[in-house]
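Throughout, a chain's letter reflects where its sequence line sits, starting with A, and its residues are numbered from 1.
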Amino acid sequence: MGRARLIGGMSVRFHFAAAIDTALRQAAASAGFEAALFAPDVRVAAAQHGDYQANGVLAFAKQTKQNPRAAAQALVAALPVELAALAEVAIAGPGFLNFTLRPAALEAWLAAHASSASLAAAAAAGSPISGQTWVVDYSSPNTAKQMHVGHLRSAVIGEAVARIAAFGGARVIRDNHIGDWGTSFGKIIWAYKQALATDRAALEAALAATPLEEFERLYKVGNTAADADPAVLEASRAELVKLQSGDPENTAIWRRIGEVSVAAFQKIYDLLGIRFDHTLGESFYNDKVARVYEELLGCGVAEESQGALVVFHDENPRYSRHAERPNPFIIRKADGAANYASTDLATILYRAEHFKADASLYVVDKRQGDHFEQLFLTAQKWFEKSGRPLMRLEHLGFGTVLGEDGRPLKTRSGENIKLKDLLQEAVERARRLVDEKSGELPEAERAAIAEVVGVGSVQYADLSQNRSSDYTFSWDKMISLEGNTAAYLLYAVARVRSIFRKLGLQPGDAASEAGASPLETGPELALARKLVQFADAQSAAVATLRPHVLCLYLYELAGAFSAFYTADKVAVENPAVRARRVRLCARTLLVLETGLQLLGLRTLDRM
RNA sequence: GUGUCCGUAGCUCAGUUGGAUAGAGCAGCCGCCUUCUAAGCGGCUGGUCGUGGGUUCGAAUCCCGCCGGACACGCCA
């Protein structure tokens with residue numbers, strides 16, 4: 001916490017809240033407060049109260065039956081002198097402590113954190129997850145199916161969480177746990193062979209042109225036929241058995257399905273800035289589930305019930321064998337086949353043994369909450385009985401994407417909206433706006449801007465809302481490009497870049513900031529205050545794994561910049577005033593671009 | 001039946017390990033471009049925080065009841 005960096009003999013904090021926390025704990029110790037009863041409770045304050053407030057004195061005074069104002073006075077009197085250089089301290093109301101950062105402290109921060117490397121190093125240094133290995137499990141589509149709008153959130157939120165964790169100093173492993181195994185492949189293979197026998201040329205042509213769409217079509221053909229005709233169902237099962245026993249022809253077909261699916265997914269991932277380290281799907285764990293059954297039976301966690309292998313959690317009324325409607329965790333089906341639970345357990349073991357993971361995060365629809373609760377309970381007992389340390393397991397659930405009618409988002413004909421089509425429409429809508437607003441730019445640049453704005457708007461619309469709530473998808477809200485939207489942030493970035501272009505300066509160039517005079521105007525100070533709060537937003541994002549806290553911060557930062565931009569001109573004659581404003585602009589650009597990158601968005605020079 | 005989540009301004013949402021006068025955006029109204037990008041800025045209007053109790057210095061936040069809504073619950077993922 002509060003690792004200091006020495007600049008010209010002065011210690012410059014990255015995270016002022018952490019520095020205040022440390023100072024308050026020191027003061028509490030020297031004032032004789034019992035450490036166990038006093039937690040500073042430092043938080044970002046509403047602007048009228050300063051930069052930070054500490055509310056911990058109230059709780060402390062309540063517990064120890066003291067007068068809170070007297071306790072606050074004792075604490076303030078004991079504060080280390082270094083803090084007085086950092087912030088002005090005031091006692092307010094019943095015993096709140098308000099801290100207003102001194103302009104010199106703001107300026108020192110701006111001078112010290114001039115590069116993305118500096119920000120990243122400072123963030124990692126103060127981070128509780130620094131050095132840990134985190135597996136982030138996200139996207140996870142099924143092969144032989146196109147990704148639809150339901151797959152958007154996992155991909156976008158997962159990528160942002162991965163980037164936020166990495167910036168917080170974790171070694172992040174991105175794992176795409178694709179659904180590439182299961183009964184549906186028997187049906188696809190059956191339909192594939194039918195098509196092959198009927199018209200080989202047409203099949204190959206379709207597979208060459210739009211391979212994933214063709215396999216998706218074949219699955220529907222097989223599924224429909226199997227529903228209608230028991231003989232087809234039987235034939236599909238036979239194909240599945242052949243696949244599972246390693247038949248070369250069926251294995252080759254299955255491999256091809258996987259390859260074309262992953263290739264199609266990657267096109268979407270490229271737009272969204274996603275690149276996985278591993279794509280270890282369900283099939284990967286196929287030969288690893290037997291060990292799970294053996295171990296769980298061996299340590300008495302699992303038992304047989306109605307022919308299936310199950311785990312009850314009797315301490316939890318809902319998963320207890322005594323529940324009115326028992327809901328055991330089925331880890332092997334009665335027919336002996338593996339299911340979602342089997343492979344998820346094998347996956348946890350693999351991540352523990354192979355990756356030595358300290359955490360495994362599942363960015364999955366919140367409706368699967370029961371599954372993960374049972375999975376984690378099971379893993380906990382299993383690892384405890386087998387003497388293994390258990391990693392942090394967390395289900396980062398997200399809500400459903402709803403249409404403006406409040407129902408899950410569908411096309412007019414009631415089908416799922418393809419993610420590819422959604423992104424394409426976003427780019428088209430953005431293009432119309434770019435043509436309207438910036439028609440003077442060259443055609444190729446307008447197309448590039450439209451892609452960044454369109455795709456970024458979709459990502460940002462998703463990320464800016466608390467991930468666990470359902471969210472209402474609205475083209476108008478998203479593409480109107482006003483308010484808390486990607487376009488507003490990208491526009492702020494483009495305006496800063498434009499200033500540097502006009503001045504012929506490179507952002508962050510020390511010479512351009514030399515001789516800066518002290519911050520003076522209200523908008524300058526407000527912008528500087530918002531800039532140093534990057535540390536708060538970043539640490540809150542790591543602590544909560546909720547990207548929307550970062551979005552909200554970036555939006556406020558862009559707002560502070562826009563107000564500054566309107567009020568205070570950078571390109572002024574006075575070199576000292578110009579230098580301090582150039583520095584503010586450079587840091588605004590740095591923080592906005594760093595933040596947008598953490599969210600997985602690209603930025604623009606012009607728009 | 002059991003359980004999870006939700007209900008905040010006309011709309012979409014922040015804010016919930018209890019803190020100060022509940023905040024934004026959109027929509028509506030009024031202003032601001034001969035000056036670094038107006039996809040911008042400033043201002044105004046708008047809320048019994050579903051409802052009734054309780055806990056306490058203090059409740060949108062915690063507890064209980066009720067109303068309304070979403071979702072999940074043996075061999076799908």
Side-chain angles (χ1 to χ4, degrees), chain A residues 39 41 43 45-46 48-49 53 55 58-59 61-62 68 92-96 98 140 142 179 182-184 282 305-310 316-320 323-335 337 339-341 343-344 364-371 373-374 397 399-400 402 404 406-408 430 433-434 436-438 453 461 464-466 468-472 474 476-477 480-485 487-488 490-492 494-503 523 548-549 551-552 555-556 558-559 561-572 581 585 606-607:
Chain A
D41 189 14
R43 55 183 82 183
Q48 70 270 27
H49 299 131
Q53 60 175 297
N55 299 345
L58 289 165
K62 186 175 184 175
F96 300 112
N98 292 335
S140 315
N142 294 320
T183 53
S184 60
E282 287 161 358
S305 167
Q306 298 178 22
L309 192 61
V310 307
N316 181 321
R318 306 189 43 230
Y319 308 127
S320 161
E324 197 172 334
R325 286 171 58 176
N327 179 23
F329 194 47
I330 298 167
I331 65 170
R332 187 181 64 204
K333 300 197 286 183
D335 65 4
N339 66 2
Y340 194 37
T343 51
D344 270 347
V364 180
D365 193 312
K366 71 176 177 185
R367 286 173 294 190
Q368 293 186 29
D370 282 4
H371 166 78
E373 193 177 0
Q374 293 179 98
T400 309
L402 304 175
E404 292 183 67
R407 314 286 315 275
L433 254 130
V434 174
E436 177 195 325
K437 305 277 186 189
S438 307
V453 172
S464 59
Q465 189 151 122
N466 192 338
S468 51
S469 9
D470 291 348
Y471 97 89
T472 306
S474 157
D476 288 340
K477 181 186 170 191
S480 73
L481 314 180
E482 288 170 359
N484 189 4
T485 62
Y488 182 78
L490 295 174
Y491 184 65
R495 292 219 287 185
V496 187
R497 288 226 168 258
S498 172
I499 291 173
F500 283 101
R501 224 171 16 247
K502 287 274 162 59
L503 294 176
H548 80 282
V549 305
C551 292
L552 188 62
Y555 174 58
E556 289 170 354
F561 171 74
S562 295
F564 159 77
Y565 181 94
T566 304
D568 295 329
K569 195 171 161 70
V570 179
V572 294
R581 291 183 181 167
C585 287
R606 296 197 291 190
M607 64 183 280

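Residue A:F500 is classed as having no contact, given no heavy-atom separation below 4.0 Å to the nucleic acid. A:R581 comes within contact range of no nucleotide atom at all, as no heavy-atom separation falls under 4.0 Å. Within the 4.0 angstrom heavy-atom criterion, base atoms lie near A:N98. Within the nucleic acid shown, A:H548 comes within 4.0 Å of sugar-phosphate atoms alone, with no base atom in reach, counting heavy atoms only. Using a 4.0 Å heavy-atom cutoff across all strands shown, A:K502 reaches sugar-phosphate atoms only and no base atom. Base contact: A:A571 has a heavy atom under 4.0 Å from a base atom. At a threshold of 4.0 angstrom between heavy atoms, the contacts of A:A92 include nucleobase atoms, whether or not backbone atoms are also involved. Contacts of A:P68 with the nucleic acid, taken as non-hydrogen atoms under 4.0 Å apart, are absent. Contact annotation for A:Q368: base contact, defined as any heavy-atom pair under 4.0 Å involving a base atom. Within 4.0 Å of A:R325, counting heavy atoms only, lies at least one base atom of the nucleic acid. Within the nucleic acid shown, A:T183 has no heavy atom closer than 4.0 Å to any nucleic acid atom. Contact annotation for A:D344: no contact, since no heavy-atom pair falls under 4.0 Å across all strands. Across all strands, A:T472 comes closer than 4.0 Å only to sugar-phosphate atoms, never to a base (heavy-atom distances). Across all strands shown, A:N466 has heavy atoms under 4.0 Å from sugar-phosphate atoms exclusively, and none from any base.
Residue side chain A:D365 does not reach the base of B:A72 through any donor-acceptor N/O pair under 3.5 Å, judged by distance alone. Taking 3.5 Å as the limit, the base of B:A77 and the side chain of A:E282 contain no donor-acceptor pair of atoms between them. Looking at A:K62, its side chain comes within 3.5 Å of the base of B:G58 through a donor and an acceptor atom. Contact annotation: side chain of A:S305 to base of B:G74, donor-acceptor pair present below 3.5 Å.
Spacing between atom CG of A:D370 and atom C1' of B:A77 amounts to 14 Å, rounded to whole angstrom units. For A:F329 and B:G74, the CZ to P distance is 14 Å, given to the nearest whole Å. Atom pair A:I330:CD1 and B:A77:P shows a separation of 11 Å (rounding to whole Å applied). Distance A:F564 CZ to B:C36 P: 14 Å, rounded to the nearest Å. Between A:Y340 atom OH and B:A77 atom P the separation is 9 Å, expressed in whole Å. Nucleotide B:G18 holds its P atom 11 Å from the CG atom of A:N55, rounded to whole Å. One can place CD of A:E373 at 13 Å from P of B:C73, the figure rounded to the nearest angstrom. For the pair A:R497 CZ and B:U37 P, the interatomic distance rounds to 14 Å; values are reported in whole Å.
Spacing of C1' atoms, B:A70 relative to B:C32, comes out at 45 Å, to the nearest Å. For the P atom pair drawn from B:G3 and B:U45, the interatomic distance equals 47 Å after rounding to whole Å. Distance noted for atom P between B:A14 and B:U21: 24 Å (whole Å). B:C13 and B:C49: their C1' atoms are spaced 14 Å apart (whole Å). For B:A22 and B:G74, the P atoms lie 46 Å apart once the distance is rounded to whole Å. Across B:G42 and B:G47, the matching C1' atoms stand 24 Å from one another, rounded to whole Å. Spacing between B:A24 and B:G43 at atom C1', rounded to whole Å, works out to 16 Å. Nucleotides B:G18 and B:C75 place their P atoms 41 Å apart, quoted to the nearest Å.
In terms of modelled atom types and a separation under 3.5 Å, the side chain of A:R606 and the main chain of A:S498 share no donor-acceptor contact. Using a distance-only test at 3.5 Å, with no hydrogens or angles considered, no donor-acceptor pair links the side chain of A:D568 to the main chain of A:P523.
Pairing partner, B:G42: B:C30, with both Watson-Crick or wobble hydrogen-bond distances short of 3.5 Å. In this structure, B:C57 forms a base pair with B:G19, meeting either the Watson-Crick or the G-U wobble geometry with both donor-acceptor distances under 3.5 Å. Under the Watson-Crick or G-U wobble criterion, with both distances below 3.5 Å, B:G7 is paired with B:C67. Using N1 to N3 plus N6-O4 or O6-N4 for Watson-Crick, or N1-O2 and O6-N3 for G-U wobble, each under 3.5 Å, B:A72 pairs with B:U2. In this entry B:U37 has no Watson-Crick or G-U wobble partner, no candidate having both defining distances under 3.5 Å.
Under the stacking definition used here (centres under 5.5 Å, planes under 30°), the residue A:F96 qualifies as stacked on the base of B:A20.
You'll find the ring centres of A:H371 and A:Y340 inside the 6.0 Å limit. No close placement of the A:Y319 and A:F329 rings is indicated, their centers lying 6.0 Å or farther apart.
Checked against B:A27, B:U37, B:A14, the side chain of A:Y491 finds its nearest nucleotide in B:U37. Here B:G19 is the nucleotide among B:G74, B:G19, B:A72 with the atom lying nearest to any side-chain atom of A:P94. Side-chain atoms of A:K569 lie closest to B:U35 of the nucleotides B:U35, B:U37, B:C75. The side chain of A:T566 lies closest to B:G40, out of B:A38, B:A14, B:G40.
In this structure, the side chains of A:N316 and A:Q374 stay at 4.5 Å or more apart for every pair of heavy atoms. You'll find the side chain of A:V570 stays beyond 4.5 Å of the side chain of A:K502, heavy atoms only. Residues A:P94 and A:L58 are in side-chain contact: their nearest non-hydrogen atoms beyond the backbone lie under 4.5 Å apart.
Classification of B:G18 as anti follows from a glycosidic angle more than 90° from 0. B:C33 shows a glycosidic angle within 90° of 0 and is accordingly assigned syn.
Checking A:A563 against A:L503, the closest nucleotide of RNA chain B that is more toward the 5' end is the one next to A:L503. Annotation: of the two residues near RNA chain B, A:R501 and A:T400, the 5′-most nearest-nucleotide partner is A:R501.
When the side-chain nitrogen and oxygen atoms of A:S469 are compared with OP1 and OP2 of B:A14, one or more of them lie within a distance under 4.0 Å. Taking 4.0 angstrom as the limit, A:Y488 places a side-chain polar atom (N or O) nearer than this to OP1 or OP2 of B:C41. A close approach under 4.0 Å does occur between a side-chain nitrogen or oxygen of A:K333 and OP1 or OP2 of B:C76. Within the 4.0 Å cut-off from OP1 or OP2 of B:C5, not a single side-chain nitrogen or oxygen of A:R367 is found.
Judged by a 6.0 Å distance limit and a 45° cone about the ring axis, A:R495 is positioned over the six-membered ring of A:Y565.
Between A:C585 and A:V496, the closest heavy-atom pair is O-CG1, 3.3 Å.
Ionic pairing of A:D470 and A:K366 is present here: one or more N-O contacts between side-chain nitrogen and carboxylate oxygen are shorter than 4.0 angstrom.
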